[in-house]
Protein chains: 2
Amino acid sequence: MAAGSIDRRVARTRRLLQAALFELTTENGYAAVTVADICARADVGRSTFYTHYPDKDSLRKTAIEEHLDVMRAMAGARDSQPSAGGFVFSGPAFAHADATRTMHLAMLGGKKHEIPEEVRGWIDRQVRHELADMARQGAIRLDAATHFVVGAFLEVMHWWLDEETQLSPAAVDQLFQSLAFEGMSAVLAKPHDVHGKGHD
Amino acid sequence: MAAGSIDRRVARTRRLLQAALFELTTENGYAAVTVADICARADVGRSTFYTHYPDKDSLRKTAIEEHLDVMRAMAGARDSQPSAGGFVFSGPAFAHADATRTMHLAMLGGKKHEIPEEVRGWIDRQVRHELADMARQGAIRLDAATHFVVGAFLEVMHWWLDEETQLSPAAVDQLFQSLAFEGMSAVLAKPHDVHGKGHD
DNA sequence: CCGATACTGGACATCATGTCTAGTATCTTA
DNA sequence: TAAGATACTAGACATGATGTCCAGTATCGG
């Protein structure tokens with residue numbers, strides 16, 4: 001009767017349920033996934049599901065929270081470093097997302113764009129924090145800039161994970177940061193391509 | 001039996017259903033709204049609903065499509081004008097959104113961020129079209145820039161509609177375009193606030 | 001005024017949710 | 001390895017939302 005969930009069965013069940021949710025979310029979008037679907041995919045009894053989580057949202061929330069812990073740790077480690085004129089959070093985020101592509105795509109809602117509140121909230125705090133450090137300004141201006149960057153970041157991340165862009169994490173980050181700091185003008189001016197690839 | 005829906009009863013019912021959907025979406029988010037809720041709010045029989053629309057999504061889609069027609073018309077009218085180094089679509093969009101605040105907020109999913117595919121698609125095409133006109137470049141670079149701007153725009157729009165920012169449509173648009181074209185650096189550098197251009 | 005059309009409430013089948021129970025499998029640890 | 005604790009399981013159940021259908025009633029347009 002130890003404290004945590006050391007029991008193999010518990011760990012196994014939760015792992016299977018999480019994986020199933022990620023797969024199904026990526027395939028059909030979060031809204032379309034039912035608890036029965038998840039259990040079928042995970043090969044777990046439906047009643048078992050409810051002994052672990054009260055509902056579908058809770059499963060997702062827990063899964064996301066666990067992974068945000070990883071991100072938090074990474075961000076925390078770099079927090080003391082001076083920001084050399086760019087965002088600190090985005091690089092690690094792109095890199096980590098690349099490593100766990102499926103899960104991150106699921107976290108953004110799969111093909112559909114169903115970004116959970118926790119994710120948006122976390123990005124929002126990162127951006128706001130970093131922007132506030134860069135320059136002191138009016139609340140409205142900071143708000144606008146924050147929302148601007150959050151929206152742009154999530155959309156670029158989603159696009160990059162969903163499409164087969166062949167871009168390395170570092171390359172997207174560079175592109176993202178250029179767009180964010182220099183704006184359209186600078187990026188559009190440059191004539192050279194990053195990497196050739198047709199579109200759909 | 002003329003072509004359109006000249007019958008008063010039909011027009012009335014659809015109008016009521018649309019309005020009810022907008023209200024409820026703004027209040028509780030789109031996902032939480034049920035068909036029964038809509039009918040109750042609109043004071044319309046539930047069976048009547050299904051004689052007009054096959055489901056909830058269809059009602060939203062129709063409503064959105066109708067309003068996108070308005071936007072399309074506005075955009076089309078300005079399409080021939082030369083773009084003086086900025087986006088053409090955003091100004092009218094902010095202005096029109098201001099005029100029909102509730103409906104637009106509902107179109108973005110209410111408090112929650114549940115942006116329907118049609119809206120995202122329309123913005124995407126606007127942005128891509130305008131960006132492509134500004135400079136010729138690789139597909140990836142254009143893709144990235146497009147998604148960047150789309151995400152930023154939708155998020156800023158949502159924030160502006162949701163919060164009581166006191167910013168006039170013109171002011172948000174200016175702020176948005178500054179961020180988009182000059183980037184963070186330029187906007188954050190300026191010490192003065194935008195405040196004072198409120199509109200009520 | 002009258003025929004056509006739209007609205008209505010209610011019945012119905014279907015499906016997903018969440019709870020509960022009694023029985024079975026598996027873990028831990030003594 | 002045996003025993004007690006704990007997790008899993010299938011299935012029944014109540015609830016609520018969906019979408020279909022129908023017969024009766026109100027309202028429209030000509």
Side-chain angles (χ1 to χ4, degrees), chain A residues 1-63 66 106 109-110 112 114 116, chain B residues 1-63 66 106 109-110 112 114 116:
Chain A
M1 51 185 288
S5 53
I6 25 165
D7 198 313
R8 279 181 219 160
R9 294 168 294 180
V10 174
R12 174 189 141 89
T13 298
R14 295 200 176 149
R15 186 166 36 79
L16 289 173
L17 287 175
Q18 277 197 17
L21 175 65
F22 289 154
E23 286 178 31
L24 292 167
T25 299
T26 306
E27 291 167 18
N28 312 325
Y30 178 72
V33 179
T34 73
V35 174
D37 289 341
I38 298 171
C39 295
R41 177 67 64 99
D43 203 21
V44 160
R46 199 169 69 87
S47 48
T48 304
F49 179 96
Y50 291 104
T51 68
H52 290 275
Y53 310 98
D55 52 27
K56 192 178 65 160
D57 285 327
S58 198
L59 169 58
R60 175 161 85 160
K61 186 179 175 110
T62 302
E66 284 177 15
K112 308 271 173 51
E114 301 160 313
Chain B
M1 52 182 293
S5 51
I6 22 167
D7 197 314
R8 278 182 220 161
R9 294 168 293 179
V10 174
R12 175 189 142 90
T13 299
R14 296 200 177 149
R15 185 166 37 77
L16 288 173
L17 288 175
Q18 277 197 17
L21 175 65
F22 289 152
E23 286 179 30
L24 293 168
T25 299
T26 306
E27 291 168 18
N28 312 323
Y30 178 72
V33 179
T34 73
V35 173
D37 289 340
I38 299 171
C39 295
R41 177 67 64 99
D43 203 22
V44 160
R46 201 169 69 87
S47 49
T48 305
F49 179 96
Y50 291 104
T51 67
H52 289 274
Y53 309 97
D55 52 28
K56 191 177 67 161
D57 285 326
S58 198
L59 168 58
R60 175 162 84 159
K61 186 179 174 113
T62 302
E66 284 177 16
K112 308 272 173 52
E114 302 160 314

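Throughout, protein chains are lettered first and strands after them, A, B, ... in sequence-line order, and every chain is numbered starting at 1.
Residues B:Tyr30 and B:Lys56 meet the side-chain proximity criterion, which asks for heavy atoms closer than 4.5 Å. Taking 4.5 Å as the limit, every side-chain heavy atom of B:Asp43 sits out of range of all side-chain heavy atoms of B:Leu16. Contact of the B:Val35 side chain with the B:Tyr50 side chain is registered, since non-hydrogen atoms from C-beta on lie closer than 4.5 Å. Under the 4.5 Å side-chain criterion, counting only non-hydrogen atoms from C-beta, A:Arg41 is in contact with A:Glu27.
In terms of phosphate contacts, A:Tyr50 brings a side-chain nitrogen or oxygen within less than 4.0 Å of OP1 or OP2 of C:dG18. Phosphate contact (OP1/OP2 of C:dT8, side-chain N/O of B:Thr48, threshold under 4.0 Å): present. Not one side-chain nitrogen or oxygen of A:His52 sits closer than 4.0 Å to the OP1 or OP2 atom of D:dA7.
Taking atom CG on B:Asp43 and atom C1' on D:dA26, their separation rounds to 14 Å, with Å as the unit. Atom pair B:Tyr30:OH and D:dA17:C1' shows a separation of 14 Å (rounding to whole Å applied). Whole-Å rounding puts the B:Asp7 CG to D:dA26 C1' distance at 12 Å. Counting to the nearest Å, the P atom of C:dC20 and the CZ atom of A:Phe49 are 17 Å from each other. What separates CD1 of B:Ile6 from P of C:dA4 is a distance of 16 Å, to the nearest Å. Between the CG atom of B:Asp57 and the P atom of D:dG19 there is a distance of 9 Å, given to the nearest Å. The interatomic distance linking B:Arg9 (CZ) with C:dT5 (C1') rounds to 5 Å, in whole Å. In this structure, A:Ile38 places its CD1 atom 14 Å from C1' of C:dG18, rounding to the nearest Å.
For the pair A:Thr13 and B:Val35, nearest-nucleotide mapping onto DNA chain D gives the more 5' position to A:Thr13. Residues B:Pro54 and A:Gly45 each lie close to DNA chain D; by heavy-atom proximity, the contact nearer the 5' end of the strand is made by A:Gly45. For the pair A:Ala36 and B:Thr51, nearest-nucleotide mapping onto DNA chain C gives the more 5' position to B:Thr51.
Which of D:dA7, D:dG11, C:dG18 sits closest to the side chain of A:Val10 comes down to D:dA7. If you check C:dG10, C:dC20, D:dG19 against the side chain of B:Ser47, the one that comes closest is C:dG10.
For C:dG18, the base has a donor-acceptor partner in the side chain of A:Arg46 [N/O atoms by modelled type, under 3.5 angstrom]. The base of D:dG29 lies outside donor-acceptor range of the side chain of B:Arg8, with no N or O pair under 3.5 Å. The base of D:dA17 does not come close enough to the side chain of B:Thr34 for any donor and acceptor atom to sit less than 3.5 Å apart.
Under the 3.5 Å distance criterion, the side-chain polar atoms of A:Thr51 are matched with a main-chain donor or acceptor of A:Thr48.
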